[in-house]
Amino acid sequence: MPVQTAAVEAVILAGSNIEKERCLPESIRKLRRQPDITVRAVSTCYESEAVGGTSDTPDFFNAAILVTTSLDPETLRDRLHQIEDELGRVRTDDPNAPRTADLDIIYYADLVKDYDGWSIPDPAAEVEAYVARPVSEVVPRHIHPVSGRTTTEISRSIDAENPEVAPSMAIRLSTPYTTRALPDFDDVEGVYAPRLEAIVRDQLVEIGEDPEREGLQRTPLRVAKAMDFLTSGYSTSVADVVNDAIFDAEGAEEMVVVRDVEYYSMCEHHMLPFFGKATVAYLPKGEIIGLSKIARIVDVFARRLQVQERLTNQVADAMEEILDPHGVGVVMEGKHLCMMMRGVQKQESSMVTSAMRGTFRSDARTRSEFLSLVT
Ligand code: ZN
């Protein structure tokens, strides 16, 4: 059994002066994905001239990050180095060399300790404005364990001499959210699904958004309602929608085809929409169904997390079950946003799936008659 260490608060300073618009946010994102590290708050991004650099050393972006972690300081530092490596940090003997990513532990609870070549607290905490300013933003009342001054006092004492450290509007990092826990959220009027809305809110924070900004304040509520609609198939049954709309039709032997039934679903792999048209056909054996009901049956299965193949088969099985026909054929065409928006970006590609039952499967003539109607 691994020893469980109680989580402690630590403050990390992230910096970058190579591809900094990309590398600084990316280093914070990577930090968020680390096991045993929870990002609690991120400061504004500050821009400053490189300390000890030459006139053509690029300016730095820096931000402070408050985390809770169960890792000991040395393991935490190893993890930070690993993130630096992933971001292409090249280590040289020059301490002022430009770098894609720099992640340093500034404070680790109230620890005061010297390691081989580094210390906690980081000595820069009390002398460098590019450290003190962002740090005082995420832990304004934290007391430096040696000097006894708060981070706010330290920052004010250095600020006057370092006007060149300034907040940058070039990139927007995440906002602190330790101060905005769920109790406040419960007071927001119009709460519809408290737990789902809380999760959506956390998701906004995790992607680096500010759930308090005007356009997003009611987003968790809207997303919860939209999700309920888009997944309403979980609480609907075929029997409900068909209701009694099945009719005797002795002698009706011709194939019934409903073409181009629009559907909207969400893929279960990415929870992104896929949508298109379905063509549903059957050869009656005494019973027929109201045409509008076929679209409702498609919706019962489409409004769930799906894969298109299963959706197609479920529609065919439902038709077979309620009508007991000679045969059923379903062809679905779908465009998947997870393919169109990400990665390969094959915007024009669509997927076609089919399911054949009874004579649609066993009789080549029936099947080809159906397929000729589809295309
Ligand atoms: Zn997908």
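If you read the sequence from its start, that first residue is 1, and numbering goes on from there. Whatever order the structure lists ligands and atoms in, that order sets their numbers, starting from 1.
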### Task
Provide the closest heavy-atom pair for Ser27 versus Leu87 in the form atom of the first, atom of the second, distance.
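Residues Ser27 and Leu87, closest heavy atoms: CB-CD1, 3.4 Å.
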### Task
Could you tell me which residues satisfy ring pair (Phe, Tyr, Trp, His ring centres under 6.0 Å) with His144, sequence neighbours excluded, listed by chain and number?
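His144 satisfies ring pair (Phe, Tyr, Trp, His ring centres under 6.0 Å) with Tyr107 only.
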### Query
Just checking, is any N or O donor in the side chain of Thr75 or Asp78 under 3.5 Å from an acceptor N or O on the other one?
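There is no such pair between these side chains.
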Show me the donor-acceptor pairs within less than 3.5 Å that the side chains of residues 273-301 make with the rest of the protein, sequence neighbours left out.
| from | atom 1 | to | atom 2 | distance (Å) |
| --- | --- | --- | --- | --- |
| Tyr282 | OH | Ile289 | N | 3.1 |
| Lys293 | NZ | Val241 | O | 3.0 |

### Query
Quick one: are the ring centres of Phe360 and Phe370 less than 6.0 Å apart?
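Under 6.0 Å, so yes.
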### Query
What are the protein N/O/S atoms, named by residue and atom, that sit under 2.8 Å from the Zn ion (ligand 1)?
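Only Cys267 SG, His270 ND1, Cys338 SG fall inside 2.8 Å of the Zn ion (ligand 1).
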### Query
Got a sec, which residues hit side chain to side chain donor-acceptor pair (under 3.5 Å) with His336, two or more places apart in sequence or on another chain?
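Result, side chain to side chain donor-acceptor pair (under 3.5 Å) vs His336: Gln308.
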